[in-house]
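All residue numbers refer to positions in the sequence shown, counting from 1.
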Amino acid sequence: MHRGAIPGSSGSVHPLRLSADPALRTRCAEAVSFDAELARLVEDLFASMYAARGVGLAANQIGVPVRVFVYDCPDDEDRRHLGHVVNPRLVETGGVIVRGPESCLSLPGAEAAVERHDRAVVAGYDRTGAPVRIEGTGFFARCLQHECDHLDGAVYTDRLTGLRRRRALRAVRRAP
């Protein structure tokens, strides 16, 4: 049972930055103040992610170039993972490499099979500055790697080659 306020319930929904926006291609800066402004950003990220029906959202996807992301994502056993990470570092990947479907709220209309590790570990901080370590497998590991890529200025189509890349990029261009 969840105690306290529902994540995002006090946040504001922001428009998402889309594929051609330079904010998606710029490495984000580390958060330096664990203050009310950062707490507000986390709430706004949750509100924006839920409004867009996503499972993860990085700060640069709403135009804020700070290393923060939120998630509400199941793993392959349908266990829910809910949280946020400030100044995340992908510290470990492992397991088999799985090619699985991936899409992105900033690249509407596209989906492609992307190779990702089946296990990922992210270390960082919560919005109060307390250290966190998040371990994920399956789909949740994919989400953690995807959001870390965003904060480094990359999108999942950067991991594609050949026909899969061309198809995904064409689908993005056709999306409304």
Side-chain angles (χ1 to χ4, degrees), residues 7-8 10-73 81-94 102-112 114-117 119-136 139-160 165 168-169 172 175:
S10 67
S12 298
V13 175
H14 293 260
L16 298 178
R17 300 298 177 101
L18 300 179
S19 61
D21 194 307
L24 298 174
R25 295 309 193 160
T26 304
R27 182 175 169 78
C28 295
E30 296 220 346
V32 293
S33 297
F34 293 82
D35 56 11
E37 186 177 336
L38 180 63
R40 179 54 151 186
L41 173 59
V42 169
E43 281 296 295
D44 289 355
L45 283 167
F46 272 115
S48 300
M49 177 186 70
Y50 289 138
R53 297 184 176 187
V55 296
L57 191 67
N60 59 337
Q61 289 182 272
I62 63 168
V64 180
V66 176
R67 296 186 71 77
V68 179
F69 72 79
V70 298
Y71 56 88
D72 188 347
C73 183
H81 300 270
L82 172 67
H84 67 279
V85 188
V86 178
N87 297 337
R89 293 179 332 280
L90 186 61
V91 295
E92 189 178 332
T93 57
E102 201 160 320
S103 60
C104 179
L105 296 172
S106 291
L107 304 174
E111 181 180 285
V114 179
E115 291 183 350
R116 298 273 191 188
H117 288 275
R119 181 175 175 279
V121 179
V122 171
Y125 303 90
D126 71 10
R127 67 185 187 179
T128 69
V132 296
R133 182 177 170 93
I134 297 109
E135 297 186 36
F139 186 68
F140 183 48
R142 179 173 297 279
C143 175
L144 294 173
Q145 293 167 82
H146 178 108
E147 300 308 330
C148 284
D149 278 356
H150 269 303
L151 299 176
D152 289 336
V155 294
Y156 81 91
T157 54
D158 297 340
R159 294 182 172 274
L160 302 174
R165 181 177 172 83
L169 293 175
V172 170

Determine whether a donor-acceptor pair (N or O, by modelled atom type, separation under 3.5 Å) exists between the side chain of D149 and the backbone of Y156. no
Would you mind reporting whether P108 and L18 have side-chain heavy atoms less than 4.5 Å apart? yes
Assign the ring pair H84 / F46 to parallel, tilted or perpendicular, where the plane angle (0 to 90°) is split at 30° and 60°. perpendicular
Just by distance, do the side chain of E43 and the backbone of S10 share a donor-acceptor pair under 3.5 Å? yes
Between E102 and R116, does at least one N-O distance fall below 4.0 Å, as a salt bridge requires? yes
Does some side-chain heavy atom of C104 sit less than 4.5 Å from a side-chain heavy atom of Q61? yes
Over 60° means perpendicular and under 30° means parallel, so tell me whether Y71 and F69 are parallel, tilted or perpendicular. tilted
Check: S48 side chain, H14 main-chain N or O, donor-acceptor pair, under 3.5 Å: yes
Return the minimal non-hydrogen interatomic distance between R165 and L160, and the atom names on each side. CD-O, 3.4 Å
R127 (side chain) donor-acceptor with L41 (main chain) under 3.5 angstrom: no
Quick one: CG on L151 to OG1 on T26, what's the gap to the nearest 0.5 Å? 12.0 Å
Ignoring hydrogens and angles, state whether a donor on the side chain of Y50 or D72 is under 3.5 Å from an acceptor on the partner side chain. yes
